[in-house]
Peer 1: 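Once you've had a glance at the structure underneath, I'll fire off some questions.
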Amino acid sequence: MKDSDYATKPVFVKNFMDGFKAALKNGPHAFITDFSKCDFTKMYMHFLAIREKKKEMTSEEKKRIKAQKDIDEEPYTWATIDGRREKVGNFRVEPPGLFRGRGEHPKMGKIKRRVVPEDITINIGKDAKVPEPPAGHSWKAVIHNDTATWLAGWNDVINVKDWKYVQFGATSTVKAESDQKKYEKARSLHKYIEKIRKDYKRNMMSESKEMAQLAVATYLVDKLALRAGGEKDEDLADTVGVCTLRAGHIKFMDDNVIEFDFLGKDSIQYLQQHKIDEVAYKCLQRFVQGKGPDVDIFDHVDPQKVNAHLQTLMPGLTIKVFRTYNASITLDRLLKDTKKNDTTLQKKATYDAANKEVAILCNHQKGVSKAHDAQMEKLAEKKKDLAKQVAEMKKKTDDKNQKKKLAALKERQSKLAIQMNMKEELKTVSLGTSKINYLDPRITLSWCKRHEVPPNVVFTKALIDKFHWAMDCEMEFSFVQEDAVEVKPAE
DNA sequence: GTACAGACTTGGAACAATATTA
DNA sequence: TAATATTGTTCCAAGTCTGTAC
C-alpha cells in the first residue's frame, strides 16, 4: 500500500488515520495523530524482506509448500448439493486490511476489521452436519434456505448494508446452468431484436417524455452496450450508467456525433465519440435543454422502468442482456472472416482481433503497466538493430546466401512490427472480461472445431473447466439460430 | 409506485506461475 | 540460468436485477 498512490490521496489518509487513531486511543501510542510524521519504512521493509525470501525459494520448495497448502485447504473446498460434491469458490473470509475502493471512493483507507465466526451465517441443508466454528466461537446463525445457492455469508464491514457470500465455484452445476441460461436468453433476443428496434425508433418521437426517454435509453443500451446505471448512495464513488447519465457527460458534435465522457463501473472512463441516429440526437438535445451539467438527462426513467418496458417486448429481457447479445453476436460475425488455410497462429490472431473489438464495445479497460514504456523502447531498439542488420546484409553482395538471409531478416522485421503494434493497441484493452462473462463459449468452441484449433489456444484451463457444459456443442453451432432472419447491427 | 434488502454477476488489480529472452 | 515478459488465477469491489413490504 505504501508504494501505491493510495497513500497520496487525502481521503485515504484521513480515513486511515481516523481508524488508526481510534485503535491507538487507549494505549501508549495515543500521541500519534499526524500521518505526515509517521514513518512506516520499517514495516514496509519487513514485508519486502518476506517477499524477497519467497522469491529466493527454489521451485521445488515452492511446489512443496503449495502442495501442503492444498492438502490443508482440501476439506473446505467442497460442498454437497443435491447429492453432488462440487467445488466451492471463495471459501476463505476476507482478511483484515485497508479498504481499497476504486476511483474517488469516500470510504477508501478505512480499516477493514477482521471478520469473526460471530459475523457468519451458515446456509446448509436441514439434516446436514453443521461445520464446527473455531474453538471458543459460535456462528451468528445457521439457516436452511434451499432457494438460495450461497453457503455462508456475512455483512461487509465497510459497506454494512452489503452482504458477502461464499458461493459455489465456476465449474459447479448451479453456475453452469445459470451461465447457459444467460447465453440462451441473449441468443433468443435475436428473434426479437428487429421488433425492439422498431419499437424504440417509433417511441423516440412520442409526445410522452417518459416514453421518449425510455426509447432513447434503450437505443443507447443497444447501440453502445452501456450499463443500466442504478441510483447510488452518496457514500460510494460517483459513477454512472445510461439512466444516471448527466447533461455534462455528453457533448453534441457536428453530424449527429456525440462525445460521451463519464465514469462507469469501477470508475473506468468511457470516452468515445459515436455517430448516432438523427432522431435520438435531437431527443438528447431536447432532454438536456435548460439543464446544468449535473442534472440527469433521463429524469423520467430508471432501470426498473426500462426493464419493465423491455419485458413487454420479450419475456425476461433486461438491459444487461443487450451487452451479452451484442458482445456475442460481434464475435460470431467477426470470426466468419477466419481463413481456412491460415496457420493456428494466424487463426488465433483473428480470434484476438475479434475479442479486442468486443472489449472496446464493452469498454473493458486495464491500467497501463508500469513497465510498458520501457518495454516499448526496448522493442524500438530491436527494430533499429534489425534495420541496421538489413542494411549491412544488403552490402554483402559476395554472400551467396544473401537473399535467404535477407528474407529471414525481413520476416523478423515484420513480426516485430506486428508485435509492437499489438502491444501498443492493447495496452489499455482488457480481453479477459468478455471471454469470461460475455462471449457465448459455444461460438468459440464450434469455431475451434471447424478450424481445427485446440481449445487451449484461446481458453485457459480454468475457462475450459468453467465452460465444460459447452464442450460438446455442434461443429455447426451458430449464435444466430437457423430460423432467424438476417439482422444488421443497430445504426 | 417506490424503497430497500437480498442474491447473484461482472470487473480490474494484485499476485503467482510459466514462457521467453539475453 | 537469471532476468524479464506474458499468461493465468485469485481477490474482493462494484455492478444488475428480483422480490417484498409499505
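Just so you know, these numbers use all the heavy atoms, side chains as well, and skip hydrogens, waters and symmetry mates. The structure presented is a predicted model; accordingly, all values stated were derived computationally and were not measured.
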Peer 1: For A/Y270 and B/dG11, what is the distance between atoms OH and P respectively, to the nearest whole Å?
Peer 2: 14 Å
Peer 1: For A/R187, is there an ion pair with A/D440 - N to carboxylate O distance below 4.0 angstrom?
Peer 2: no
Peer 1: Contact class for A/D179 (heavy atom, under 4.0 Å): base, sugar-phosphate, or nothing?
Peer 2: nothing
Peer 1: When the nearest nucleotide of DNA chain C is assigned to A/A374 and to A/G89 on a heavy-atom basis, which residue is associated with the more 5' position?
Peer 2: A/A374
Peer 1: In terms of the nearest nucleotide of DNA chain B, which residue is placed more toward the 5' end: A/K182 or A/D302?
Peer 2: A/D302
Peer 1: Between atom CD of A/Q419 and atom NZ of A/K415, what is the distance when rounded to the nearest 0.5 Å?
Peer 2: 10.0 Å
Peer 1: Once you round it to whole Å, what is the distance between P of B/dA16 and CD1 of A/I65?
Peer 2: 12 Å
Peer 1: How is A/N456 classified with respect to the nucleic acid when contacts are heavy atoms under 4.0 Å: base, sugar-phosphate, or nothing?
Peer 2: nothing
Peer 1: Assuming nearest nucleotide by heavy-atom distance, tell me which of A/V174 and A/T433 is located more 5' along DNA chain B.
Peer 2: A/V174
Peer 1: So, are A/R442 and A/E184 salt-bridged, with charged N and O less than 4.0 Å apart?
Peer 2: yes
Peer 1: Are A/Y351 and A/T444 close enough that a side-chain donor and a side-chain acceptor fall under 3.5 Å?
Peer 2: yes
Peer 1: Given B/dG11, is OP1 or OP2 found less than 4.0 Å from the side-chain N or O atoms of A/Y438?
Peer 2: yes
Peer 1: Without decimals, in angstroms, what is the distance between A/I436 CD1 and B/dG12 P?
Peer 2: 10 Å
Peer 1: Taking the six-membered ring for Trp and the single ring otherwise, decide whether the centroids of A/F40 and A/Y44 are under 6.0 Å apart.
Peer 2: no
Peer 1: Given A/N155, which partner from the list A/K140, A/K164, A/K161 fulfils the side chain to side chain contact (heavy atoms under 4.5 Å, CB included) test?
Peer 2: A/K140
Peer 1: Just how far, in rounded Å, is C1' of B/dG6 from CG of A/L151?
Peer 2: 16 Å
Peer 1: Anything under 30° is parallel, anything over 60° is perpendicular, the rest tilted; go ahead and classify A/F12 against A/Y6.
Peer 2: tilted
Peer 1: What's A/K423 touching, base or sugar-phosphate or nothing? Going by heavy atoms closer than 4.0 Å.
Peer 2: sugar-phosphate
Peer 1: Do any side-chain nitrogens or oxygens of A/T149 fall under 4.0 Å of OP1 or OP2 in B/dC8?
Peer 2: yes
Peer 1: Is the phosphate of C/dT7 approached by A/T460 (side-chain N or O, under 4.0 Å from OP1 or OP2)?
Peer 2: no
Peer 1: State plainly whether the residues A/R102 and A/D266 are in salt-bridge range, i.e. N to O under 4.0 Å.
Peer 2: yes
Peer 1: Under 4.0 Å between any heavy atoms, over every strand shown, what does A/Q365 touch: base, sugar-phosphate, or nothing? Just pick one.
Peer 2: sugar-phosphate
Peer 1: Strictly under 6.0 Å, is that where the ring centroids of A/Y270 and A/H249 end up?
Peer 2: no
Peer 1: What's the CZ-P distance between A/F459 and C/dT7, to the nearest Å?
Peer 2: 16 Å
Peer 1: With each end axis built from five pairs of C1' atoms, what bend angle do you get for the helix from B/dG1-C/dC22 to B/dA22-C/dT1? Round to 10°.
Peer 2: 10°
Peer 1: For every nucleotide of nucleotides 12-19 of chain C, 5' to 3': is a protein heavy atom under 4.0 Å from its base (B), only from its sugar-phosphate (S), or from neither (-)?
Peer 2: SBBSSSB-
Peer 1: Expressed in angstrom and rounded to an integer, what is the separation of A/N155 atom CG from B/dA7 atom P?
Peer 2: 11 Å
Peer 1: Does A/K69 or A/Q375 map to a spot on DNA chain C nearer the 5' end, using the closest nucleotide for each?
Peer 2: A/Q375
Peer 1: Below 6.0 angstrom between ring centroids: does that apply to A/F479 and A/H190?
Peer 2: no
Peer 1: Taking the basic N atoms (NZ, or NE/NH1/NH2) and the acidic carboxylate oxygens, is any pair closer than 4.0 Å for A/K182 and A/D179?
Peer 2: yes
Peer 1: Answer yes when A/K195 and A/D199 have at least one side-chain N-carboxylate O distance shorter than 4.0 Å, and no when they do not.
Peer 2: no
Peer 1: I need the CG-C1' distance between A/L431 and C/dT9, as an integer number of Å.
Peer 2: 17 Å
Peer 1: For the residue pair A/Y165 and A/W163, does the interplanar ring angle fall in the parallel (under 30°), tilted (30 to 60°) or perpendicular (over 60°) class?
Peer 2: parallel
Peer 1: When you check the phosphate oxygens OP1 and OP2 of B/dA7, does a side-chain N or O of A/N123 lie under 4.0 Å from one of them?
Peer 2: no
Peer 1: Between A/K435 (NZ) and C/dG8 (C1'), how many Å, whole number?
Peer 2: 11 Å
Peer 1: Base, backbone or nothing for each nucleotide of nucleotides 17-22 of chain B, written B, S, -, heavy atoms under 4.0 angstrom, 5' to 3'?
Peer 2: S----S
Peer 1: Taking 4.0 Å as the cut-off, does a side-chain nitrogen or oxygen of A/W163 come that near to OP1 or OP2 on B/dA7?
Peer 2: no
